[in-house]
Amino acid sequence: MHRNRIHATLLFIAGLLSCTNLYADDITFRRITTTDDLEVGKRYLIVCEEYNVVMGGSITGNYMSALSVSISNHEIIISSANRTINMFKLSVSSGSYSLWQSVDNKYIGWTTSTNFVFDTSKSSKYYQWGIVFTDAGNVRINGGDNATRHIRCYEGANFKLYQSTVEGKPIQLYKEVEASSKLTPTISVSDNNVTYGETYTIDTSGFASGTVSATSSNEAVATVSGTTITPQAVGSTTITVSTAENETYESGSQSFTLTVNAPTAQTTAEDGTTVDVTLNAYGYATLCSSYPLTFNVGNDYAAWRITTIDGENITFERVLGSVRGGTGLLISGAPNSTVTLSATNSTATLDANILVGTLAPTYFATEAEAYGLTGKTFVPNSAASTMRSNKAYIPAHAIDADIKAFVFNFKDNATSTPHITQGEKATPPSRAYDLTGRPVPISSIGIKIVNGQIVVE
């Protein structure tokens, strides 16, 4: 029964005012839950968390009295001004566990037939106790070979011996925690922003600490090397700054939110600047150019904006003239072709354009935040996905909740002027595959097979 027991003695030391040399400072105790946590030379408290009391004082009426304490997060601090609380000290002995209290200079013993605890000499077998931890984090301190009787707390008033586990309340064992002479580190961080394409360096000049390191909660948005943060996509991530323990400072950590913003679009372009756009197998591509662009009637391609979405209907209007950089557009032309667009100087803004452009990779944490182009269908993004830079999407707030996707077909050729096409409600394809037949996310970038057709995104 006791083969896993550590043979030791618990000395029960009363904190009398005459013993102030033992308790010159506040003492912190934390709950322990396994025998591996027992250490020779440490002091302990027997606690009933349910009543916020500890076992202490002298034996009164065959019971050990209960003294109130403050418990926070399984931690008890005994102040230097409160020395009426008894503490057990673990020391090596050839016998089992023993509870000794210096008030009466006797051991605390158990009985075989009553709830009583009593004073006993070391020569008696009744001073020997067993200690067993339970899965719930409680501890059973039972009377030696009489394992059926163990200490429990009675109504928060005292501690008795009980045979039943339904009588009284369970107890816990708290161990003294060594006071640290090391300093608390100083870590100063705050929420901040960085532009995609730049890096962000954590300013540690005001730190007083050990070695500094950092991690990102979302490496799809930003990665960390040392104290340098490199944005990966537009979005937000939590940066946790940690400092290592050293000879002077304890370890520590603080977190802040870093928001990655898209770069600012250009309003000018050098002469001869062009932008190439590759159209998919249906002759479509979305575009968000960093430079202003010009579109004319005579082009063999066309640019479109989305002006309205009404239920199942989506309305496209052709764009002619110049538009500023950062404008979300749909480009149409010959299937599987590459069209070359001319950059220009412009600050013109398209009115009533629902399409949103991405001047940098853009991260979407949840599903269906954005509807991107796949083939000739605008489909919702997958959760935790990133849309490439220089693309465009329909934001979810512009679409009714029951719309799963928009499939569109231009009625005439792709370059006819002002042109309105009705979209239709559709359920997006549930699966997509790469060229080897392996499943891939429907919103994935690259070459994929959707509904039996090869699609390039």
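Numbers here are sequence positions counted from 1.
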Trainee: Compare all side-chain heavy atoms of E367 with those of S382 and state whether any distance is below 4.5 angstrom.
Mentor: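 The answer is no, as the side chains (C-beta and beyond) never meet within the 4.5 Å cut-off.
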Trainee: Quick one: pull up CE in M55 and NZ in K160 and give me the separation to the nearest 0.5 Å.
Mentor: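 One gets 13.0 Å once the value is rounded to the nearest 0.5 Å.
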Trainee: For D276 and T340, which I'm curious about, is there any donor-acceptor pair between the side chains at under 3.5 Å?
Mentor: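 Per modelled atom types, D276 and T340 side chains form a pair under 3.5 Å.
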Trainee: Is a side-chain donor or acceptor of R318 paired with a backbone partner of A302 at a separation under 3.5 angstrom?
Mentor: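 No; judged by distance alone, with no hydrogens or angles, the pair does not exist.
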Trainee: Go through the structure and list residues passing side-chain hydrogen bond (donor to acceptor under 3.5 Å, both in side chains) with T308, not counting sequence neighbours.
Mentor: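 Here the qualifying residues are T315.
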Trainee: Could you state the interatomic distance from OG1 (T35) to CZ (F133), rounded to the nearest 0.5 Å?
Mentor: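 It comes to 7.0 Å.
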Trainee: Hey, could you give me the OG/CD1 distance between S70 and I77, rounded to the nearest 0.5 Å?
Mentor: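 One finds 8.0 Å between OG of S70 and CD1 of I77.
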Trainee: Going by the salt bridge (charged side-chain N to carboxylate O under 4.0 Å, His left out) test, name the single residue among E49, E75, E176 that passes it with R31.
Mentor: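 So, applying the salt bridge (charged side-chain N to carboxylate O under 4.0 Å, His left out) to R31 and each of E49, E75, E176, only E49 qualifies.
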Trainee: May I ask you to decide if the ring planes of F316 and W304 are parallel, tilted or perpendicular, using 30° and 60° as cut-offs?
Mentor: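 Correct class here is perpendicular.
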Trainee: Given side chain to side chain contact (heavy atoms under 4.5 Å, CB included), test F29 with V54 step by step and report yes or no.
Mentor: CA-CA 12 Å; F29 293 82; V54 300; over 6 Å; no
Trainee: Among T307, L350, N353, I306, find the one that has a side chain to side chain contact (heavy atoms under 4.5 Å, CB included) with E317.
Mentor: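 It is T307, the one option of T307, L350, N353, I306 that forms the side chain to side chain contact (heavy atoms under 4.5 Å, CB included) with E317.
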Trainee: Which atoms form the tightest heavy-atom contact between L279 and A285, and what is the distance?
Mentor: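 Smallest heavy-atom distance, with atoms named: CD2-CB, 3.7 Å.
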Trainee: Any non-hydrogen side-chain atom of I27 less than 4.5 Å from a side-chain atom of R43?
Mentor: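 With C-beta onward as the side chain, the pair touches.
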Trainee: Just how far is it from atom CG of L45 to atom CG of L173, taken to the nearest 0.5 Å?
Mentor: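 Reported value, rounded in 0.5 Å steps: 8.5 Å.
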Trainee: Donor-acceptor pair, E198 side chain versus V194 backbone, under 3.5 Å?
Mentor: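 It does not hold such a pair.
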Trainee: Is K175 atom NZ crowded by more than 12 heavy atoms from other residues, nucleotides or ligands, each under 6.0 Å away?
Mentor: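 For K175, atom NZ is crowded (more than 12 foreign heavy atoms under 6.0 Å).
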Trainee: Check for a donor-acceptor pair, side chain of R388 on one end and backbone N or O of T358 on the other, with a separation under 3.5 Å.
Mentor: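 Judged by distance alone, no pair lies under 3.5 Å.
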Trainee: Does any non-hydrogen side-chain atom of Y291 lie less than 4.5 Å from one of L341?
Mentor: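 Of all side-chain heavy-atom pairs linking Y291 with L341, none is under 4.5 Å.
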Trainee: List the steps, then state whether side chain to side chain contact (heavy atoms under 4.5 Å, CB included) holds for T286 with Y393.
Mentor: CA-CA 8 Å; T286 58; Y393 64 89; over 6 Å; no
Trainee: Ignoring hydrogens, what is the shortest heavy-atom contact between Q172 and N138? Give both atom names and the distance.
Mentor: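 Heavy atoms only, the tightest pair is NE2-OD1, 2.8 Å.
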Trainee: Verify, without hydrogens or angle tests, whether Q254 (side chain) and I187 (backbone) share a donor-acceptor contact under 3.5 angstrom.
Mentor: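 Looks like yes, one N/O pair under 3.5 Å.
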Trainee: Taking the side chain as C-beta and beyond, is there a heavy-atom pair between L355 and I394 under 4.5 Å?
Mentor: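 They are in side-chain contact.
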Trainee: Just by distance, do the side chain of S346 and the backbone of A348 share a donor-acceptor pair under 3.5 Å?
Mentor: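 At least one qualifying donor-acceptor pair exists.
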Trainee: With the side chain counted from C-beta on, respond yes when I354 and P395 share a heavy-atom pair under 4.5 Å apart, and no when they do not.
Mentor: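 Yes; the side chains approach each other to less than 4.5 Å.
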Trainee: For the OG1 atom of T34 and the CD1 atom of I32, what is their distance to the nearest 0.5 Å?
Mentor: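 If we round to the nearest 0.5 Å, T34:OG1 and I32:CD1 are 7.0 Å apart.
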Trainee: Search all heavy atoms of S289 against all heavy atoms of V275 and return the closest pair with its distance.
Mentor: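 Minimum heavy-atom separation between S289 and V275: OG-CG2, 3.7 Å.
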Trainee: For the backbone of A360 and the side chain of T362, can you confirm whether one donor and one acceptor N or O come within less than 3.5 Å of each other?
Mentor: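 Checking the backbone N and O of A360 against the side chain of T362, a donor-acceptor pair under 3.5 Å is found.
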Trainee: State, to 0.1 Å, how close T386 and P361 come at their nearest heavy-atom pair, and which atoms those are.
Mentor: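 The answer is CG2-CB, 3.9 Å.
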Trainee: Could you tell me which non-hydrogen atom of F159 sits nearest to which non-hydrogen atom of A66, and how far apart they are?
Mentor: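 Heavy atoms only, the tightest pair is CE1-CB, 3.7 Å.
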Trainee: Passes ring-ring contact (aromatic ring centres under 6.0 Å, His included), F207 versus Y249? Steps please.
Mentor: CA-CA 11 Å; F207 286 21; Y249 295 99; over 10 Å; no
Trainee: Does D400 have more than 12 heavy atoms from other residues, nucleotides or ligands lying within 6.0 Å of its CG?
Mentor: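 More than 12 heavy atoms, drawn from other residues, nucleotides or ligands, come within 6.0 Å of this atom.
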Trainee: How far does CG of L38 sit from OH of Y44, to the nearest 0.5 angstrom?
Mentor: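 These two atoms lie 5.0 Å from each other.
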Trainee: Less than 4.5 Å apart, side chain to side chain, heavy atoms only: is that true for F295 and I331?
Mentor: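 The answer is yes, as the side chains (C-beta and beyond) meet within the 4.5 Å cut-off.
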Trainee: With a sphere of 6.0 Å drawn around OH of Y51, does it hold more than 12 non-hydrogen atoms of other residues, nucleotides or ligands?
Mentor: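 Enclosed: over 12 neighbouring heavy atoms sit under 6.0 Å from OH of Y51.
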Trainee: Taking all heavy atoms of Y200 and all of F256, pick out the closest pair and write down the distance.
Mentor: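 So the minimum-distance heavy-atom pair works out to CE2-CZ, 4.0 Å.
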Trainee: Apply side chain to side chain contact (heavy atoms under 4.5 Å, CB included) to residues N246 and T211 and explain how you reach the verdict.
Mentor: CA-CA 8 Å; N246 62 15; T211 304; over 6 Å; no
Trainee: May I ask you to check whether over 12 heavy atoms, not counting those of N296, lie within 6.0 Å of atom CG?
Mentor: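 More than 12 heavy atoms, drawn from other residues, nucleotides or ligands, come within 6.0 Å of this atom.
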Trainee: Identify all side-chain donor-acceptor contacts of residues 224-243 below 3.5 Å with residues at least two apart in sequence or on another chain.
Mentor:
{"residue": "Q232", "atom": "NE2", "partner": "T223", "partner atom": "OG1", "Å": "3.3"}
{"residue": "Q232", "atom": "NE2", "partner": "T230", "partner atom": "O", "Å": "3.3"}
{"residue": "S236", "atom": "OG", "partner": "T259", "partner atom": "OG1", "Å": "3.3"}
{"residue": "T237", "atom": "OG1", "partner": "S216", "partner atom": "OG", "Å": "2.8"}
{"residue": "T237", "atom": "OG1", "partner": "S217", "partner atom": "N", "Å": "3.4"}
{"residue": "T237", "atom": "OG1", "partner": "S217", "partner atom": "OG", "Å": "3.2"}
{"residue": "T237", "atom": "OG1", "partner": "N218", "partner atom": "N", "Å": "3.0"}
{"residue": "T240", "atom": "OG1", "partner": "S255", "partner atom": "OG", "Å": "3.0"}
{"residue": "T243", "atom": "OG1", "partner": "G252", "partner atom": "N", "Å": "3.2"}
{"residue": "T243", "atom": "OG1", "partner": "G252", "partner atom": "O", "Å": "3.4"}

Trainee: Would you say the side-chain atoms of N299 pair up with the backbone N or O of Y301, donor to acceptor, closer than 3.5 Å?
Mentor: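 Pair absent, no side-chain N/O of N299 close to backbone of Y301.
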Trainee: Answer yes or no: is there a side-chain heavy-atom contact under 4.5 Å between L359 and C288?
Mentor: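 Yes; the side chains approach each other to less than 4.5 Å.
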Trainee: Any side-chain heavy-atom pair from L287 and L293 closer than 4.5 angstrom?
Mentor: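 They are in side-chain contact.
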